[in-house]
Student: 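My structure is below; once you've seen it, I'll send some questions.
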Amino acid sequence: MPSPPLVVPDRAHRIASRQEGLLSIDQCRSSGVTRQQAARLVAQGRWSRPVRGVYDVGVGGDPARDRLDRARRRASLLGPLACPGTVVTGVAALVLHGVHGAPLDVRPEVTVPDGSARRGPDPVRVRRLRLRRWSEVDGVACALPEDALAQAVPALPRYRAVAMMDSAGHRGLVSRAGLDRAREKSGDLVGAAARRSWWDECDPRAESPAETWARLGCVDAGVAPDALQLRLVTSSGLVVARVDLAWLLPGDSALLVEIDGRDVHSRLDAVVADRARQNRIAGRRTLVRRYTGRDAWDGTVAREVAAVLAAEGWFPQRPPVDHRFVLPS
């Protein structure tokens, strides 16, 4: 006679829902699920085991989060769940702090605070980094953002590294002085020397990784923006909009570039609002161009902006002192 279905305690589901559907062995036990019961749930196909010592209970995470961001968080959580007593480091720590711009595939990584060696289950990387300080993020021990950047940047490509610096700065998680300290702390790590100049490219005004990529592409193409987050105002001083990247053109005109976010601009109400906003800022003295994150990543923004600027006779200019551009009446 088949055994009755195993009822999973609500406590287990509540914990897992905060951890992108994941539970450690210890959390299973504290929730009232024995190791034998967990094995049975896996055998029944109701649970899975992505890493030794960690179970996927099939409970979704925060639906408000982007699917890719949830996947990054999930990967980042595997490390501390599989290796109790460790601290999350590098890119994984930055992801848990809410920093954007990480690679699509995040490798779980942790360290034992005293820097001692420990072997983690594949694919978890256990680094030998001594940490004297860390913080808790939703109950998970994570390297501080400043330290995590020092650990992460030496192994990242430029677009990812600068985007994560920008995001950490924009979110107020690290100051300019903190970035300078992170650069110095990263000095002994493999890859740090080749990336030393990248720290100076950080600009916390970028509101998304796509804005960072667009800015870097334009800098590389020799057409660095004249202004970032330029305010557009009426002759009476009313702020109409703020644009991501701007170039001041001859004849008191401007090229205004907006980089659309993947989620925000995909909803119908946002599309309607964007259309109305564009109608307000487009005029005889403004050239408005809109691009996607993919356009920023693959260089389309830089190529097309450079072509427009060449045709318009652009030359680099300082942004207005009050960082605003007055639209014609």
Side-chain angles (χ1 to χ4, degrees), residues 101 157-163 165-166 170 197-198 200-266 270-329:
R158 175 167 165 251
Y159 272 29
R160 295 293 183 184
V162 179
M165 294 181 212
D166 283 1
H170 183 74
S197 64
W198 296 357
D200 294 325
E201 297 186 283
C202 173
D203 193 317
R205 289 176 294 178
E207 297 181 339
S208 71
E211 289 181 32
T212 299
W213 304 335
R215 183 184 81 242
L216 293 178
C218 289
V219 168
D220 292 346
V223 288
D226 291 325
L228 303 177
Q229 306 302 332
L230 183 69
R231 290 180 300 152
L232 306 180
V233 302
T234 63
S235 56
S236 61
L238 177 66
V239 177
V240 174
R242 184 163 48 86
V243 293
D244 301 326
L245 311 168
W247 288 260
L248 306 180
L249 303 175
D252 294 326
S253 58
L255 170 62
L256 310 174
V257 169
E258 288 280 81
I259 310 297
D260 293 342
R262 180 179 53 242
D263 294 327
V264 174
H265 298 275
S266 63
V271 170
V272 173
D274 284 346
R275 184 187 304 142
R277 180 175 178 277
Q278 181 158 340
N279 288 340
R280 289 197 301 271
I281 66 178
R284 56 186 172 83
R285 287 176 48 214
T286 54
L287 298 175
V288 182
R289 299 290 186 271
R290 295 184 61 175
Y291 296 98
T292 65
R294 182 183 295 276
D295 295 330
W297 179 266
D298 67 16
T300 298
V301 174
R303 288 191 299 272
E304 295 192 1
V305 163
V308 171
L309 295 178
E312 295 292 330
W314 169 84
F315 57 90
Q317 300 184 54
R318 289 178 176 270
V321 174
D322 54 5
H323 217 68
R324 67 179 189 169
F325 180 82
V326 180
L327 295 169
S329 309

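Just so you know, these numbers come straight off a predicted model, no measurement behind them.
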Student: How far does CD of Glu207 sit from NE2 of His170, to the nearest 0.5 angstrom?
Tutor: 4.5 Å
Student: Looking only at heavy atoms, what is the nearest atom pair of Gly293 and Ala210, with distance?
Tutor: CA-CB, 3.7 Å
Student: Taking the side chain as every heavy atom from C-beta outward, state whether Leu230 and Arg242 have any pair of such atoms under 4.5 Å apart.
Tutor: no
Student: Minimum heavy-atom separation for Val301 and Cys218, please, with both atom names.
Tutor: CG1-SG, 4.2 Å
Student: Nearest 0.5 angstrom please: Tyr291 OH to Glu211 CD, how far?
Tutor: 14.5 Å
Student: What I want to check is whether the side chains of Thr292 and Asp295 have a donor and an acceptor closer together than 3.5 Å.
Tutor: yes
Student: If you apply the rule side chain to side chain contact (heavy atoms under 4.5 Å, CB included), what do you find for Asp244 with Gln229, and how did you get there?
Tutor: CA-CA 5 Å; Asp244 301 326; Gln229 306 302 332; 3.8 Å; yes
Student: Drop me the distance from Glu201's CD to Asp220's CG, to the nearest 0.5 angstrom.
Tutor: 7.0 Å
Student: Would you say Trp247's side chain and Ala224's backbone share a donor-acceptor pair under 3.5 angstrom?
Tutor: yes
Student: Roughly how far, to the nearest 0.5 Å, is CG of Leu245 from CZ of Arg215?
Tutor: 8.5 Å
Student: How long is the span from the CG atom in Leu232 to the CZ atom in Phe325, to the nearest 0.5 Å?
Tutor: 7.5 Å
Student: Any side-chain heavy atom of Asp226 sitting closer than 4.5 Å to one from Trp314?
Tutor: yes
Student: Is the backbone of Asp252 close enough, under 3.5 Å, to the side chain of Arg285 for a donor and an acceptor to pair up by distance?
Tutor: yes
Student: List the atom of Gly101, the atom of Ala163, and the distance in Å for their closest heavy-atom pair.
Tutor: CA-CB, 4.2 Å
Student: Among Val308, Leu309, Val257, find the one that has a side chain to side chain contact (heavy atoms under 4.5 Å, CB included) with Leu287.
Tutor: Val308
Student: Taking all non-hydrogen atoms of both residues, which atom of Trp198 and which atom of Ala161 are closest, and how far apart?
Tutor: CE3-CB, 3.8 Å
Student: Taking the side chain as everything from C-beta on, heavy atoms only, tell me whether Thr234 gets closer than 4.5 Å to Leu327.
Tutor: no
Student: Is any side-chain heavy atom of Val305 closer than 4.5 Å to a side-chain heavy atom of Pro225?
Tutor: no
Student: Check whether any side-chain heavy atom of Arg294 lies under 4.5 Å from a side-chain heavy atom of Trp213, and answer yes or no.
Tutor: no
Student: Can any side-chain N or O of Glu312 pair as donor or acceptor with the backbone N or O of Leu249 at less than 3.5 Å?
Tutor: no
Student: Where is the tightest heavy-atom contact between Ile259 and Ala214, given as atom of each residue plus distance?
Tutor: CD1-CB, 3.8 Å
Student: Distance from Glu258 atom CD to Arg290 atom CZ, nearest 0.5 Å?
Tutor: 6.5 Å
Student: Keeping the roles fixed (side chain from Arg231, backbone from Asp322), state whether a donor-acceptor pair exists under 3.5 Å.
Tutor: yes
Student: Specify the closest pair of heavy atoms between Thr212 and Ala206, including all atoms of both residues, with the distance to one decimal.
Tutor: OG1-CB, 3.5 Å
